[in-house]
Amino acid sequence: MKGVNTSEGELDFDIYSPNKSTTSKKVPCNSTYCEQQQRCSSPSSDCRYRIKYLSANTSSSGIVVEDVLHLITDDAKLKGVEAPIAFGCGRIQTGILLSGAAPNGLLGLGMDDVSIPSMLAKQGLASDSFSMCFGINGSGRIRFGDNGSVDQPETPFYVKDKYPTYNITVTQIAVGKSVADLEFYAIWDSGTSFTYLNDPAYTQISKSFNSAIKDKRFTNNSDLPFEYCYTVSPNQTLNLTMKGGKQYNVIHPHVVLSDGEGNILFYCLAVFKSEDVNIIGQNFMTGYRIIFDREKMVLGWTESDCYNDEETSTPPISPSKSPSPSKCPAASPT
C-alpha cells in the first residue's frame, strides 16, 4: 500500500528510512530509551525491541532509533518546535501489519515512558497530556500538551500496573429509551477503527438498537462485516454513562457501507462482538475532541469539528533546545 485517497486527493505514504534522514541515529542499549536492555550483548550495541499487539499473531520487531519530530505551536505565532524522540524502526512485521493495517506506521501515544507524550513532557516541551480530534468528514487533529477546558466532562482512568492502558469504566448504557445499569471496563483506543464489546455489553446495545428500529434488519448477506445492518439510516441514540456520572453521547454509532460507485448499500451498527477485551474505537469518538490527561489521569471530551478554536487550558509548547533544522519537512499537528 503506497497511499490513501482522501477528500483532498491522494496522500502518498513515505516509508521512514534512517539512511535518508540527516538527524537519525541508532539508540544504544545503555540509553534510557532502551526498555529491553536485558537482550543486549553490550552497552553500546543496538537497542532492539519486540512488541505484541492485541490482534491475533500481530507483532513488530526491529531496532530503536532517535530522530527529530517537527511540530508547530498551536497559537498565533505558529512557532516551529523540534523535539528529539525515540521510536521503533520495524524490520519484521507479522499478522495484520502485513495485510494493510497501519500502512504508514503507528504513533506511540501510550502510557509508557518511551511514548511521544512522555518524551515531550520530560523535555519540558509540553504538559503530560494530549488530545485527538476525530472529524465527521474523516479529518483529524492531534495536540500535544492539550489539557482541554476547565468545564469539560471527565472520567478517571482505571490503570493496571502491569500493562497500563487508557482504561475507562462505563456504568450505564442507554439506547433510545432502553436504559440498563451495566458496569464494565473498556480500553479507549484511538488506534482501533471500530468498537469491540463482549457480553453482556454487546448484546445489550445490539438488541436494544435493533428493537428500536422500524426498518427490518438485513440478514441475507454473509459478507457483511457487522451483525446488525439496515437499508434505512437508523435514527437512534446511544449514550454511555461513565464512572463519575458524566454522559458520553455516541454521535455516530453506525457506519455507512457503499459500493464502488459511492451508492449507499447499508447502515450498520459499527460494533463487533469481542471474546475478550472491550475496546472503544475511533468510530465512537467521531465528532469529539478527546483529552488524554495523564497528569490528572482522566479522559475528557468535548464536541468539536476539529478546526474551530475552542477555549482550552493548554500551555504553549516551549521552544526547543534541539539541534538545528534538518532537511526533513516540518510536520504540523494540524
Side-chain angles (χ1 to χ4, degrees), residues 1 4-8 11 13 53-55 58 95-97 99-111 115-117 129-144 146 148 152-153 155 157 165-168 170 173 184-198 201-202 205-206 209 224-229 234 237-240 242 248-258 266-274 276-293 299-307 333-334:
M1 185 177 292
V4 63
N5 291 322
T6 69
S7 58
E8 298 180 359
L11 175 65
F13 292 150
Y53 297 98
L54 289 175
S55 300
T58 300
I96 63 172
L97 295 177
S99 57
N104 209 26
L106 289 167
L107 194 63
L109 300 173
M111 290 188 172
S115 71
I116 292 178
S129 182
F130 69 96
S131 69
M132 298 190 74
C133 191
F134 300 89
I136 294 176
N137 62 353
S139 61
R141 191 173 187 178
I142 183 170
R143 289 178 173 141
F144 295 110
D146 187 0
Q152 68 187 5
T155 189
F157 288 127
T165 55
Y166 298 112
N167 275 290
I168 53 91
V170 177
I173 298 173
F184 62 93
Y185 301 112
I187 301 173
W188 203 274
D189 185 12
S190 61
T192 301
S193 298
F194 298 105
T195 294
Y196 293 75
L197 298 174
N198 56 30
Y202 176 81
I205 290 179
S206 59
F209 195 87
L224 290 174
F226 301 100
E227 188 175 0
Y228 290 85
C229 294
T237 59
L238 171 57
N239 287 281
L240 306 177
M242 306 296 194
Y248 184 92
N249 172 40
V250 181
I251 298 176
H252 285 283
H254 64 269
V255 64
V256 177
L257 300 183
S258 306
F266 304 104
Y267 299 86
C268 301
L269 175 63
V271 180
F272 288 103
K273 187 173 183 179
S274 172
D276 39 45
V277 297
N278 295 307
I279 300 176
I280 304 297
Q282 287 181 20
N283 67 307
F284 272 32
M285 305 180 202
T286 299
Y288 281 101
R289 173 165 145 249
I290 307 294
I291 311 296
F292 297 82
D293 194 327
L299 181 82
W301 59 92
T302 305
E303 288 194 38
S304 173
D305 65 1
C306 302
Y307 290 98
T334 59

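Counting begins at 1 with the first residue of the sequence. Excluded from the calculations below are hydrogen atoms, water molecules and symmetry mates; all remaining heavy atoms, backbone and side chain alike, are included.
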Considering only heavy atoms from C-beta outward, does the side chain of [X] approach that of [Y] to under 4.5 Å?
X      : Y      : result
Trp188 : Met285 : yes
Leu299 : Thr155 : yes
Thr192 : Ile187 : no
Thr195 : Val250 : no
Leu106 : Tyr53  : yes
Ile279 : Ser274 : no
Ile280 : Val170 : no

Trace of the side chain to side chain contact (heavy atoms under 4.5 Å, CB included) decision for Phe284 with Ile290
CA-CA 11 Å; Phe284 272 32; Ile290 307 294; over 6 Å; no
Can you name the nearest heavy-atom pair linking [X] to [Y], along with the distance?
X      : Y      : answer
Leu238 : Pro253 : CD2-CB, 4.0 Å
Ser131 : Asp146 : OG-OD2, 2.7 Å
Gln152 : Trp301 : CB-O, 4.0 Å
Phe144 : Leu109 : CE2-CD2, 3.8 Å
Ser190 : Met132 : OG-SD, 3.3 Å
Gly110 : Ser115 : O-OG, 2.8 Å

Please check this pair: side chain of Tyr248 against backbone of Pro153, looking for a donor-acceptor N/O pair closer than 3.5 Å.
no
So, does Glu303 use its side chain to make a donor-acceptor pair with the main chain of Tyr288 at under 3.5 Å?
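A pair under 3.5 Å: no.
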Return the [atom1] to [atom2] distance between [X] and [Y], rounded to the nearest 0.5 Å.
X      : Y      : atom1 : atom2 : result
Leu240 : Ile168 : CG    : CD1   : 7.5 Å
Leu197 : Asn278 : CG    : CG    : 5.0 Å
Thr165 : Asp189 : OG1   : CG    : 8.5 Å
Cys133 : Ile291 : SG    : CD1   : 9.0 Å
Cys268 : Phe194 : SG    : CZ    : 9.5 Å
Ser206 : Phe226 : OG    : CZ    : 13.0 Å

Hydrogens and angles aside, do Thr237 and Asn249 bring a side-chain donor and acceptor to less than 3.5 Å of each other?
no
Please determine whether side chain to side chain contact (heavy atoms under 4.5 Å, CB included) holds for the pair His252 and Phe134, giving the CA-CA distance in whole Å, both sets of side-chain angles, and the decisive distance to 0.1 Å.
CA-CA 11 Å; His252 285 283; Phe134 300 89; over 6 Å; no
Could you pull out all residues at least two apart from Leu224 that satisfy side-chain contact (heavy atoms from CB on, under 4.5 Å)?
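So Leu224 forms a side-chain contact (heavy atoms from CB on, under 4.5 Å) with Phe218, Asn221, Cys229, Leu257, Phe266.
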Measuring centre to centre across the rings, with the benzene-like ring taken for any Trp, is Tyr166 within less than 6.0 Å of Phe292?
yes
